[in-house]
Amino acid sequence: MSSIDYFQLLKLAGPEAVLALAALAVLAVDLIWMREAPIRQRQGAGAFVSILGCLGAGLCALQMPGFGSFANGMLVIDPLTLLLKGALLVLTVFTVLLSVDRDFTEHVGEFFALILLATVGMMLLVSSEDLLMIFVSLELTSLSLYILTAFQKRSALSAEAALKYFLFGGMAAAFLLFGLSLLYGLSGSTHLGGIAEGLVGKENDPLLIVALAMTVIGFGFKIAVVPFHLWAPDTYQGAPLASAAFVASGSKVASFFVLAKVMMLGFAGVHGDAGWRHLIAGWAPLLAVLALLSMLLGNLVAIVQGNVRRLLAYSAIAHSGYALLGVMSNSGEGMASLVYYTVTYGLTTLGAFGVVALVEERTGSASLSSFAGLGRRSPILGLSMMVFMLSLAGIPPLAGFFGKFYLFVGAIRTGSPNIGLVWLVVVAIAMSAVSLYYYLQVLKQIYVTEESAATVDVTGETNIVTCCAVGALAVLVVLLGCFPNLLVGPVLAATGSAGL
Amino acid sequence: MLAWTVYLSFASALVLMLLPKGRVDLARGVGLGGALAGAVVAFAGSMMKQPGIQEICRIPWIPSLGINFHFAADGISVTLVMLTGIAAVVGVLFSWNIGERVKEFFAFYMVLIGGVYGVFLSFDLFLLFVFYEIAIIPKYFLIAIWGSTNREYGAMKLALYSFVGSAMVLVGLIAAYVVSGGTTTNLIELAQFGFSKEFQYWVFPLVFVGFAILAGLWPFHTWAPTGHVAAPTAVSMLLAGVVMKLGAYGALRVAITLFPLGAQAWQTEIGFLACVGIVYGALVALVQRDFKFVIGYSSVSHMGFVLLGLATLNEIGLSGAVLQMFSHGVIAGLLFAVVGRMVYDRTHTRELAVLHRFNLSRSLPFVALTFVVASAASMGLPGFSGFVAELQVFIGAWRAFPVFAIFSGVGLLVGVAYTLRALQKAFFADPELETETRGPVLDPISMPEKCGAMILMAATLIIGLYPRLLLDLIVPSFSSPLFDGLRNGAGL
C-alpha cells in the first residue's frame with residue numbers, strides 16, 4: 001500500500017463526508033448567524049441543517065456503487081452496510097427531531113454537531129472490516145456520546161450519568177484494545193478475514209481465549225449486557241432525553257452489527273457450540289452466558305422499577321440478551337434477524353423516549369405515576385405508547401414480535417445440531433412472558449389509572465415536532481410488524497450478496 | 001367471504017377509534033353495526049361453505065420463511081365462527097348500559113372479536129398465533145378499565161396466564177417449524193410432515209397445555225373465576241363464550257392434529273386432568289356465595305367436558321367436544337348475562353344470601369324465565385344443546401376410558417345440584433323472608449337485553465332440538481387430511 005487514492009476514498013466515504021460537513025455547517029450556522037436569536041429558532045435551524053445533512057448523506061449512499069473496498073477492508077461497501085447506514089441515518093433524523101424544542105442547553109450548535117459526528121462514527125463502524133478502523137470509529141462514537149450525555153450542564157444527574165458512562169466506557173475501550181492487540185499478535189493481521197486465516201491451527205491457544213474474552217468485554221459494554229451493564233440505568237435516567245434515546249438506538253444498532261461481524265468473520269474458526277449437552281469452547285458459549293444473564297437480570301429487575309427511563313434501561317439490557325441470539329446463530333439468516341431486530345428495536349425505543357419526553361415536560365418527572373391518564377389526555381400519545389410497549393413485549397402484529405420470532409428461528413435453525421440452542425430460546429420466551437408484566441404496568445398507568453390532581457395542574461404546551469415524530473415512529477413499528485418483508489426482504493438479499 | 005368477518009371487526013374498531021368524543025349513541029351504533037355485519041357474514045359464509053376444507057385466501061406474507069396469510073375453513077372453524085358471530089352481537093346488546101369511555105370500550109371489544117375470528121379461520125400456524133396473541137391485550141384493558149370486583153388483579157392474572165400459555169405454544173411452534181425443515185407454516189403441510197415420536201412426546205404436552213390454559217384446564221384454571229368475576233358482563237360473556245374456546249380450538253387444531261402420536265401418549269393424563277376439572281369445578285361452584293363465582297366455576301366444569309372430549313381422540317368424542325364448545329359458548333353467555341347484567345345492575349349485589357330479598361321471580365319474571373331456561377340447558381336436560389354435546393362426549397369417553405366417564409358423570413350430578421341451588425336461592429327464595437323486606441322497585445328489563453337473551457335461548461334450543469345443523473358440519477371435518485395422523489394412528 002504505497003499511495004492512497006483519495007478520490008476513491010471520497011467516493012466510498014461520501015455519506016460520511018457529507019455528514020461531517022453538515023456537522024461543521026451546523027456549528028457555523030449556529031455560531032456565526034444565529035448567536036443572538038432565541039433558543040427555539042436556533043434549535044430549529046440546527047435541526048434543519050442536521051436533517052438536510054442526513055438527507056444528503058442518504059442520497060449520496062443511494063448513488064454508491066453496490067460493492068467497493070478501500071485499503072484492504074478499511075472501508076467496505078456492500079448492500080448490507082449501505083442498508084445499515086440508511087437505518088442509522090433514519091434513527092439519527094428521529095433523534096434530531098426529538099431534540100427540537102427542548103430546554104436543556106444553550107449550546108445548540110455543538111449538540112447537533114456532536115449527534116452528527118457520532119453518526120459518522122457509527123457509519124464508519126458498520127462499514128469497516130479492519131480492527132484499527134473499528135476501534136477508531138468506536139471511539140469517535142463513544143466520545144461524542146459521552147459529551148452528549150453530559151450536555152445538561154446544570155443537572156447533577158446528567159453529570160453523574162456522563163461520568164459513569166465515561167469511566168465504564170474508557171475501561172471497556174482499554175479491554176477492547178488489549179484484546180485486539182493480542183489478536184493482531186496471534187494472527188498477524190488487522191483485517192477480519194486475515195485474522196480468521198491467521199487463527200487457523202491456534203484454536204487451543206490460551207492467548208486466543210484471553211483475546212476473545214477481552215474483545216467480548218469491550219463490545220459487551222457497548223451493547224450493555226450483564227455484567228457490563230451498570231452504566232445503562234443511570235445514563236438512561238440522567239442524560240438529556242435525546243442523548244439517552246440515541247445511546248439506546250443508533251449506538252446499539254451499530255455496536256451489535258460490528259460485534260456480529262467481528263465474531264462471525266474474525267473469530268470464524270472458534271465459534272464453538274452452546275447447544276444443550278453439546279458444549280464446545282468458543283465464542284458461542286461465552287455469548288450464551290451473557291445472553292442468559294442479561295435476559296434474566298434485565299427482565300427481573302425491570303419489574304420493580306418506578307421510573308420509566310430506568311425501566312426502559314433494564315428492558316434494553318434484556319433486549320440485548322435476546323439480540324445476542326442472532327449473533328450466536330452465526331449465519332446469514334442470523335445476521336438478517338439481528339439487523340431486523342436491532343433496527344426495529346431502535347425505532348421502538350426512540351418512540352418510547354419521545355413519549356417519555358412529552359410526559360416529563362408536562363409533569364416534571366418520568367415516574368410511572370406521572371403517566372397516569374395519558375390515554376385520556378392525549379389519545380394519540382397513549383396509543384403510540386401502547387404500540388411501543390407492546391412491540392417491546394413482543395405482541396403481534398407489531399415489529400417486536402416478528403423480530404423475536406425471526407431471532408429464535410435463526411438461533412434454533414443454525415446454532416447447533418439437534419436444535420441444541422432451544423434451551424436458550426425457551427429462557428428467552430419465558431422471560432418475554434415476564435416482561436409483559438412491567439410493560440403492562442406502564443400501559444395500566446396510561447389507560448386504567450385515573451389522573452391524579454398533581455399531574456393535572458402542570459400544563460405544558462404540546463410539542464408538535466415531537467408528537468409528529470412519535471406518531472411516525474408508531475406507524476413505522478406497526479407497518480414493519482404487519483409487513484416484515486419490507487425490511488427482511490432487502491436485508492436477506494443484502495446478506496446473501498455480502499457472502500455471510 | 002368469511003375473511004370479511006376479520007376485516008369488518010378490525011375496520012369497525014378503527015372507525016370507533018376515530019369517532020369524536022362524547023358521541024355515545026354513535027359509538028354504540030358502530031359497535032352493534034360491526035358486530036352484526038360480522039355475524040351476518042359469518043352465517044352467510046357458513047351457508048355457502050363447500051364440503052371439506054374451503055380455501056378463503058392465501059397470499060405470500062413473509063416468503064423467505066414460507067409464511068402465508070392463509071385463511072381457510074372447515075366445519076369446525078365454521079361452527080366456531082358462527083358462535084363468535086352470535087356472541088359478538090349479544091355482547092354488544094348487553095353492554096348497551098356502558099356509559100364511560102364508550103368508544104374505547106367498543107374499540108377494544110371489536111379488536112378482541114377480530115382476533116377471535118382470525119384464530120378460527122387461520123390455516124397457517126404463524127398467522128393463527130398472531131391472532132391468538134392479538135386477542136390477549138384487549139381482554140386486559142376491557143377488564144381493568146370497565147370491570148368490577150378486584151378488576152386490576154383479575155385482568156393482570158388473565159393477561160399473564162394467557163401470555164405464559166402462548167409462550168409455551170410459541171416454543172412448540174418454532175420447534176415444529178424448524179424440525180419440519182423451516183419451509184412452511186401451513187397447518188395441513190405440517191400435519192402431514194410426520195414428526196418423530198420422541199419429538200412429539202415432548203412438544204405435544206407443551207403446546208396442548210399452552211392452549212388449554214386458556215380453556216380452563218385444571219390446575220391452570222384459576223384465572224377463569226377471578227377473570228370472569230372481575231370482567232364487565234359483556235366481557236365475561238365473551239371470555240366464557242368465545243375466548244375459552246380459543247384455547248380448546250388451538251388444542252384441537254394445532255396440538256392434536258400436528259402431534260397425534262404425542263396426543264396418544266398423553267391421552268390418559270389429559271383425560272384425568274379434564275375429569276378433575278369437571279368434578280372440582282362443580283364442587284367448588286356448589287359452595288360459592290357470590291352468584292357470579294358460581295357461574296365462573298361452572299364454566300371450568302363445563303370446559304372440562306370439552307377437554308375430556310378432546311382427550312378421547314375418537315370421532316364421536318371430538319365432535320362432542322366441538323359441539324360442547326358451541327353449546328357452552330351460548331349457555332355461559334346466557335348465564336353471565338342474567339347474573340352480571342340483568343340481576344347485578346339492578347340489585348347491585350351478587351350475594352346469593354342477599355338476592356332473595358328482591359323476590360326476583362316476581363319483580364323480574366323475564367329474568368327468572370331466562371335463568372330457568374339457562375339452568376336447564378346448563379344441567380344438560382334433553383332438548384337443549386348441552387345434552388347432545390355432553391352425551392357425545394360421554395359416549396366417546398366410555399370407549400376411551402370408562403372410569404373417567406363415570407367420574408365425569410358424578411360431576412354432572414353435582415352440576416345439577418349447584419345449578420338448582422343457585423336457582424332456588426336467587427330466584428325462588430322462602431316467601432316468609434320475602435315479605436319482611438319488599439326491596440326497592442327494580443328497573444324493567446330493557447329491549448337490548450331481551451333481544452340478546454332471546455337470541456341465545458333460541459340458539460341453544462335450535463341446536464338442542466336439531467343438532468344435525470352443526471353435526472353435519474363438524475363430523476365430516478374429521479375426514480380431512482388434517483386428521484390423517486390421528487386416523488392412521490388407529491385413533492378415529
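Each chain gets a letter, A, B and so on, in the order the sequences are listed, and its residues count up from 1. Fair warning: this is a prediction, and the values are worked out from it, not measured in the lab.
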Can you say whether [X] sits under 4.5 Å from chain A via the side chain, the backbone, both, or neither, judging by heavy atoms?
X	result
B:Y161	neither
B:A155	neither
B:Y132	neither

If I compare all heavy atoms of [X] with all of [Y], which pair ends up nearest, and what's the gap?
X	Y	value
A:R413	B:V178	CA-CG1, 3.8 Å
B:R101	A:Y447	NH2-O, 2.8 Å
B:P63	A:N485	CD-ND2, 3.2 Å
B:A144	A:V448	O-CG1, 3.3 Å
B:E133	A:G394	OE1-O, 3.6 Å
A:P484	B:I62	CG-CD1, 3.6 Å

With a 6.0 Å cut-off (strictly less than), is the heavy-atom count around [atom1] of [X], excluding the residue itself, greater than 12?
X	atom1	result
B:Y153	OH	no
B:F193	CZ	yes
A:Y437	OH	no
B:R58	CZ	yes
A:L486	CG	yes

| message | Distance check, rounded to the nearest 0.5 Å: A:L440 atom CG versus B:I136 atom CD1? | response |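 If we round to the nearest 0.5 Å, A:L440:CG and B:I136:CD1 are 10.0 Å apart.
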- What is the distance from atom OH of B:Y177 to atom CD1 of A:I412, rounded to the nearest 0.5 Å?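 These two atoms lie 11.5 Å from each other.
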Item to check | Student check: side-chain heavy atoms of B:L65 and A:E333 closer than 4.5 Å | outcome: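 Touching, per the 4.5 Å side-chain cut-off.
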query = Are A:L383 and B:M17 close enough that some pair of their side-chain heavy atoms sits under 4.5 Å apart?
reply =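 Yes, close enough: below the 4.5 Å cut-off.
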Before we go on, tell me: are the rings of A:F405 and B:F129 under 6.0 Å apart, centre to centre?
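Ring centroids of A:F405 and B:F129 are no less than 6.0 Å from each other.
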| Can we call the ring centroids of A:F401 and B:F126 under 6.0 Å apart? |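 Yes, the ring of A:F401 comes within the 6.0 Å limit of the ring of B:F126, centre to centre.
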Proximal component of A:I395, with respect to chain B [non-hydrogen, under 4.5 Å]:
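Contact with chain B: backbone and side chain both.
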Proximity breakdown for A:A393 and chain B, heavy-atom pairs closer than 4.5 Å
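The backbone, not the side chain.
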message: Donor-acceptor check, side chain of B:W61 to backbone of A:C482, threshold 3.5 angstrom: yes or no?
response: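 Yes, the answer is positive, given that a donor and an acceptor are paired below the 3.5 Å cut-off.
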Quick check for you: among B:V164, B:V171, B:I67, which has the greatest number of heavy-atom pairs under 4.5 Å with chain A?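 When all of B:V164, B:V171, B:I67 are compared, B:V171 has the most.
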Item checked: Largest heavy-atom contact set with chain B, pairs under 4.5 Å, which of A:V488, A:L398, A:T449, A:L390 ->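 That would be A:L390.
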**Q.** Residues B:I137, A:L436; criterion side-chain contact (heavy atoms from CB on, under 4.5 Å); working and verdict
**A.** CA-CA 10 Å; B:I137 297 304; A:L436 182 69; 4.3 Å; yes
